[in-house]
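The structure under discussion appears below in the form of structure tokens.
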2 protein chains.
Amino acid sequence: MTVGKPEVEGKVTVVEVAKAAGVSVSAVSRAFNPNASISEKLRKKVLAAAETLNYKPNRLARGIKSRSSLIGILVTDFNNPFYMPVLSAFTTEIQKRNCHSLLINVDGDMDISEAVELVMEYNVDGLIITSASLPKELVEACRVKKTPVTIFGRTSSDNSVTEISCDNIAAGQMAADMVLNAGYVRPAFVGGPVGTTASLDRQRGFVGQLLARGCQTWQVVEGGEFSYTAGFEATLRLYRGSECPDAIFFADDIMACGGMDAIRQELGLHIPDDVGIVGVDDIQLASTKAYDLSTIRQPYLEMVQATINALFERIANPEMSPQSVTLPCEAVSRGSLKPVN
Amino acid sequence: MTVGKPEVEGKVTVVEVAKAAGVSVSAVSRAFNPNASISEKLRKKVLAAAETLNYKPNRLARGIKSRSSLIGILVTDFNNPFYMPVLSAFTTEIQKRNCHSLLINVDGDMDISEAVELVMEYNVDGLIITSASLPKELVEACRVKKTPVTIFGRTSSDNSVTEISCDNIAAGQMAADMVLNAGYVRPAFVGGPVGTTASLDRQRGFVGQLLARGCQTWQVVEGGEFSYTAGFEATLRLYRGSECPDAIFFADDIMACGGMDAIRQELGLHIPDDVGIVGVDDIQLASTKAYDLSTIRQPYLEMVQATINALFERIANPEMSPQSVTLPCEAVSRGSLKPVN
DNA sequence: CTGTTAGCGCCTTCAA
DNA sequence: TTGAAGGCGCTAACAG
């Protein structure tokens with residue numbers, strides 16, 4: 001009825017292809033399954049027929065019994081620019097493996113538990129959770145359902161679920177070294193969401209290293225969340241106190257950017273001469289001339305790779321036990337710290 | 001066998017629930033379908049049984065015959081921060097309607113056509129495409145399959161598919177007015193990806209209004225893509241020429257930020273005194289103190305709403321004809337332009 | 001309003 | 001290796 005591919009009116013299913021190719025439906029099914037036993041000749045014939053009919057297997061129907069080829073991605077912090085390239089990398093990697101991403105936004109009224117139950121309704125082959133931990137009973141539920149889960153950017157004590165993150169304690173230590181090496185003497189730490197292991201570990205590493213190197217004049221304030229505004233306001237609060245720091249380590253870059261703007265625009269201080277700044281992540285913004293932010297880079301591409309690898313390994317082999325990975329961070333020196341002389 | 005919900009070993013399906021509730025499977029099915037005819041009493045009974053068994057309908061099985069409750073989202077420009085809140089809003093709105101997002105990254109080697117064919121394999125109920133147009137034959141394919149499509153952030157001449165965008169021509173005009181009203185006399189336009197209607201329309205509106213108000217001393221350069229780097233480099237190119245502009249209108253905010261950094265850091269000029277800057281979008285970055293960028297805001301939340309509304313209307317009523325919407329933009333004055341006196 | 005039954009499109013035993 | 005047949009979990013006629 002049209003040009004090119006014979007646009008079929010009705011649905012084209014295995015039955016139509018089988019008919020056209022003069023074979024059985026199971027032959028068609030097998031032709032489309034990589035690890036089914038079928039002769040090259042038959043497969044060719046089927047594929048040819050499928051081509052002319054413009055047949056595509058229905059993934060939903062397939063997913064009922066076997067793999068859905070759906071990977072659930074639960075995102076909890078959509079406002080943090082850090083997750084944009086992360087999400088991009090996840091979808092790319094997932095697509096490379098002929099699977100696709102069911103993206104769930106866990107920001108609003110939905111909580112992690114609901115989200116997990118939800119994706120289960122789609123029979124996802126695997127589940128990625130960004131920066132949030134999983135209640136014990138959900139871990140168990142996933143285990144029963146044999147759905148591999150990987151948590152990105154978070155570590156917990158127990159290893160009943162595979163977690164990929166960077167070494168946040170080392171990140172804090174590196175930040176301390178950068179600050180002290182540049183000659184600052186009254187550093188402060190501005191924390192992210194309270195209770196987040198990422199933020200806590202960075203704080204612990206930072207303070208620990210300050211103490212180890214004999215620095216006693218430090219302070220800590222809470223930011224409350226990973227956001228520009230939180231960094232901005234925490235910084236103002238910091239300078240309302242009596243002990244004004246000469247360097248600040250922010251729990252992440254977007255907070256650091258907020259803090260830098262507070263320092264320059266509201267407090268009228270100079271970076272890096274009056275105050276030195278360090279963040280964590282190395283988001284795109286950090287490398288702009290406007291911020292030129294020294295930071296501890298999270299190797300997010302490697303983290304994504306590791307996450308995907310771990311996930312698909314366990315999809316292929318569900319009996320495999322969870323295996324966590326912690327990747328090293330890297331210090332990136334830019335103009336927000338005085339040069340080391 | 002455990003605490004709380006009776007963790008069932010085997011799969012729990014309509015059959016088990018029906019058995020437990022002492023009803024038929026169709027009763028169970030109906031209990032979970034909003035617009036099925038079933039007495040409140042029966043539904044209660046079924047729901048109770050389902051609750052104790054911890055039953056959840058299998059969406060894939062359901063999707064085979066009727067709605068999959070999957071909405072495909074095709075994203076072409078994952079690097080532009082503008083799309084982060086957009087994506088967040090899309091997922092939120094879709095989830096509000098008890099559907100979920102199948103996110104496809106069309107950045108890499110995959111093109112729109114492949115992506116569309118792909119989501120079709122998942123029987124998506126609807127399809128959202130961000131900032132890319134759809135080849136004619138795909139429009140037809142979607143029509144045949146009765147899958148509603150909505151294009152976000154783009155307009156084309158033909159109205160065979162519903163498109164939601166903002167008034168880019170008016171945006172360009174507003175930018176021209178802002179620039180001229182602030183007293184600049186040699187404005188330039190820096191374009192985005194060549195051939196994009198959004199960029200072209202902004203340019204057309206901008207230049208048109210300049211001419212209408214008697215300004216003849218303008219110029220146009222190509223940026224090539226919506227990115228920080230593209231804006232940065234196009235700006236340097238601009239100032240290598242003989243005609244140095246005293247104001248620049250960038251095709252979008254992220255380009256404008258790149259341009260601002262080039263102007264301040266590389267060229268040593270002052271904003272807004274030496275050069276005035278205007279962008280389009282009003283991304284988060286634009287309102288930071290570091291950039292404080294005057295811009296033409298795209299009403300992205302309203303655009304998302306309109307997109308979702310149009311999409312779900314057509315899902316509910318597939319015979320409805322496509323209907324495009326163009327929303328007004330809003331000028332946002334900040335420090336990157338001299339104040340109007 | 002409710003139950004029975006026949007598919008949806010595919011995969012996967014089971015024989016041949 | 002191939003084909004025939006019986007599900008997978010759910011929905012949608014069709015009866016009652």
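Throughout, protein chains are lettered first and strands after them, A, B, ... in sequence-line order, and every chain is numbered starting at 1.
- Within the 4.0 angstrom heavy-atom criterion, base atoms lie near S29(B).
- Contact annotation for S37(B): base contact, defined as any heavy-atom pair under 4.0 Å involving a base atom.
- Closest-nucleotide positions on DNA chain C for T13(A) and E40(B) were compared, and the one nearer the 5' end corresponds to E40(B).
- Checked against a 6.0 Å centroid threshold, the rings of F32(B) and Y55(B) count as neighbours.
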Show your working on side chain to side chain donor-acceptor pair (under 3.5 Å) between N105(A) and T92(B) and close with a plain yes or no.
CA-CA 6 Å; N105(A) 189 338; T92(B) 301; 3.2 Å; yes

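- Counting atom types as modelled, R30(B) pairs a side-chain N or O with a base atom of dG3(C) as donor and acceptor under 3.5 Å.
- Remark: P of dT11(D) and CZ of R62(B) are 5 Å apart, rounded to the nearest angstrom.
- The phosphate of dC10(D) (OP1 or OP2) has a side-chain N or O of Y55(B) nearer than 4.0 angstrom.
- Within the nucleic acid shown, L42(A) comes within 4.0 Å of sugar-phosphate atoms alone, with no base atom in reach, counting heavy atoms only.
- Put simply, CG on N35(A) is 13 Å from P on dT1(D), counting in whole angstrom units.
- Across the interface with DNA chain D, nearest-nucleotide mapping of V25(A) and R43(A) shows R43(A) to be the residue nearer the 5′ end.
- Atom CZ in R59(A) sits 4.0 Å away from atom OG in S69(A) (nearest 0.5 Å).
- In the interface, the side chain of S26(B) is not paired with the base of dT5(C) through any donor and acceptor atom under 3.5 Å apart.
- Contact check, N33(B) against dT11(D): a side-chain N or O comes under 4.0 Å of OP1 or OP2.
- Rounded to the nearest 0.5 Å, atoms OG (S133(B)) and CD1 (I112(B)) are 7.5 Å apart.
- I38(A) comes within 4.0 angstrom of the backbone, heavy atoms only, and of no base.
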